[in-house]
2 protein chains.
Amino acid sequence: MDGNSKDMLKLDNQLCFALYACSKEIISLYKPYLNSHGLTYTQYITLLVLWEQDSLSVSELGNKLLLDSGTLTPLLKKLEKSQLIERVRDKDDERIVKVYLTEKGRMLQESFLELPQKMFCNSGIKLEEAINLKTMLNRLLGNIRKL
Amino acid sequence: MDGNSKDMLKLDNQLCFALYACSKEIISLYKPYLNSHGLTYTQYITLLVLWEQDSLSVSELGNKLLLDSGTLTPLLKKLEKSQLIERVRDKDDERIVKVYLTEKGRMLQESFLELPQKMFCNSGIKLEEAINLKTMLNRLLGNIRKL
DNA sequence: TCATATTGCATTGTGTACAATATGATTGTA
DNA sequence: TACAATCATATTGTACACAATGCAATATGA
């Protein structure tokens, strides 16, 4: 991040591009494994949330995942088609669609228990560094979201 | 990054999700400004590269941007339609398409000279932190790409 | 010259983001 | 209680990003 405006326009000097590239490349590391289970990355993180806490509405999922309902609706329909979840419109408030794991969806967690560890080893960075990086990212994320 | 496998499957413990979310959110900060110039983020970083070095082939651009030609071709056609670049098939090797900035494309750089600074201020993090973060991301990116 | 591999771009299909819309719930007011 | 206005939620449509495949041009070697 040196001197003048033109330098800051260089691709290599842009924090945003580093984030953009890193995110894409890491996700592409996940892909082979996820695809072998018929999942995209976004579907995977949706399941992550449901494995933590079942029975969430579309918007609650969206809040946790930072995803729009317009993104989630087709995604959830696919997960439902694969019989990993069920979408049930709430009786009391018919605007709300609640999402439940099926037995098959719950069982699937077993296949992924070792994945984070495996991915971390692939990344070739130290644990301390990873924690440090994640902390900084979360702080940055917090700042951005307040705007 | 604590204890057991199930904990590591929690969304909040995933470095990858922090990257994914941060990248998306920061890009969404760029969007209003980019859109007002009729550009997407990907088109913007493509111009960043061309402003640094004009007259690159599609694959050379792809290498710098970590983008596939399948992503670049339609993108470049749009930039050509907006008369910001020209795509010229190489005389000596007709497989190669070279990309040149037009005068209009070169001039456009002026409009973006202050953008990185503005974005950085919005992010609410310290310069030292940003440098630190970018360094770590680039190292991580380097590790990943060797796989 | 023929066969094979490589390289580079284009095309197609899938996934995601965003804006516009529809519909159900809530609140305030008479 | 009834009604209008507002708000909340999900869906649909459109455009973009990306991956996979196919095709054309070139290079290499038999």
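We name chains A, B, ... by the order of the sequence lines, and we start the count at 1 in each one.
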Is Arg87(A) salt-bridged to Glu80(A), going by a charged N under 4.0 Å from an acidic O? yes

I want to check something: taking the side chain as every heavy atom from C-beta on, are Ile131(B) and Leu15(A) in contact at a cut-off of under 4.5 Å? no

Rounded to the nearest angstrom, tell me the gap between atom NZ in Lys78(B) and atom C1' in dT14(D). 12 Å

What's the verdict on side-chain contact (heavy atoms from CB on, under 4.5 Å) for Tyr30(B) and Met119(B), showing C-alpha distance, side-chain angles and the deciding distance? CA-CA 7 Å; Tyr30(B) 276 81; Met119(B) 284 299 137; 3.6 Å; yes

Test side-chain contact (heavy atoms from CB on, under 4.5 Å) applied to Leu140(B) and Ser123(A), step by step: CA-CA 7 Å; Leu140(B) 178 54; Ser123(A) 77; 3.9 Å; yes

In whole Å, what is the span from the CG atom of Leu34(A) to the P atom of dT16(C)? 11 Å

Contact under 4.0 Å: Ser59(A) side-chain N or O vs dA10(D) OP1/OP2: yes

Take Tyr20(A) and Glu94(A), find for each the nucleotide of DNA chain D with the closest heavy atom, and name the residue whose nucleotide sits nearer the 5' end. Glu94(A)

With respect to the phosphate group of dT9(D), does any side-chain polar atom (N or O) of Arg87(A) fall under 4.0 Å of OP1 or OP2? no

Given dG24(C), dC9(C), dA10(D), which nucleotide is nearest the side-chain atoms of Val97(A)? dA10(D)

From dG8(C), dT16(C), dA25(C), nucleotide with atom closest to Leu75(A) side chain: dT16(C)

To the nearest Å, give me how far apart CG (Asp68(B)) and P (dC9(C)) are. 11 Å

Students often get this wrong, so: under 4.0 angstrom with heavy atoms, is Lys98(B) touching a base, only sugar-phosphate, or nothing? nothing

Carboxylate-amine/guanidinium contact Asp12(A) Lys10(A), below 4.0 Å: no

Can you identify which nucleotide, out of dC18(C), dA10(D), dC18(D), has its nearest atom closest to the Thr71(B) side chain? dC18(D)

Less than 4.0 angstrom between a side-chain N/O of Lys24(B) and OP1 or OP2 of dC18(C), yes or no? no

Any side-chain N or O of Lys77(A) below 4.0 angstrom from OP1/OP2 of dT12(D)? yes

Students often get this wrong, so: under 4.0 angstrom with heavy atoms, is Tyr41(B) touching a base, only sugar-phosphate, or nothing? nothing

Once you apply a heavy-atom cut-off of 4.0 Å, does Ser28(A) come out as touching a base, just sugar-phosphate, or nothing? nothing

Classify the nucleic acid contact of Leu67(A) as base, sugar-phosphate or nothing, counting any heavy atom under 4.0 Å across all strands shown. sugar-phosphate

Is a donor-acceptor contact shorter than 3.5 angstrom present between the side chain of Arg95(B) and the base of dT26(D)? no

For Thr40(A), answer base if it contacts any base atom (sugar-phosphate contacts may also be present), sugar-phosphate if it contacts only those atoms, and nothing otherwise; contact means non-hydrogen atoms under 4.0 Å. sugar-phosphate

Does dA30(D) pair with anything, Watson-Crick or G-U wobble, both distances under 3.5 Å, and if so, with which nucleotide? dT1(C)

Atom CG of Asp93(A) and atom C1' of dA8(D): how far apart are they, to the nearest Å? 8 Å

Expressed in angstrom and rounded to an integer, what is the separation of Leu66(A) atom CG from dA17(C) atom P? 10 Å

Nearest whole angstrom, please: distance from the P of dA25(C) to the CD1 of Ile96(A). 9 Å

Before accepting this row, confirm whether a basic side-chain N of the pair Asp54(A)/Arg106(A) lies closer than 4.0 Å to the acidic partner's carboxylate O. yes

Between dA15(D) (P) and Gln43(B) (CD): distance, integer Å: 14 Å

Verify the contact: side-chain N or O of Thr73(B) to OP1 or OP2 of dA10(C), cut-off strictly under 4.0 Å; return yes or no. yes

Measure centre to centre between the rings of His37(A) and Phe112(A), then say whether the value is under 6.0 Å. yes

Do the side-chain N or O atoms of Lys31(B) get closer than 4.0 angstrom to the phosphate oxygens (OP1, OP2) of dC18(C)? yes

Side-chain N or O of Arg89(A) versus OP1/OP2 of dT11(D): is the shortest distance under 4.0 Å? yes

Integer-rounded Å distance: dC16(D) C1' and Leu79(B) CG: 13 Å

Check every strand shown and say whether Asp92(A) touches a base, only sugar-phosphate, or nothing at a heavy-atom separation below 4.0 Å. sugar-phosphate

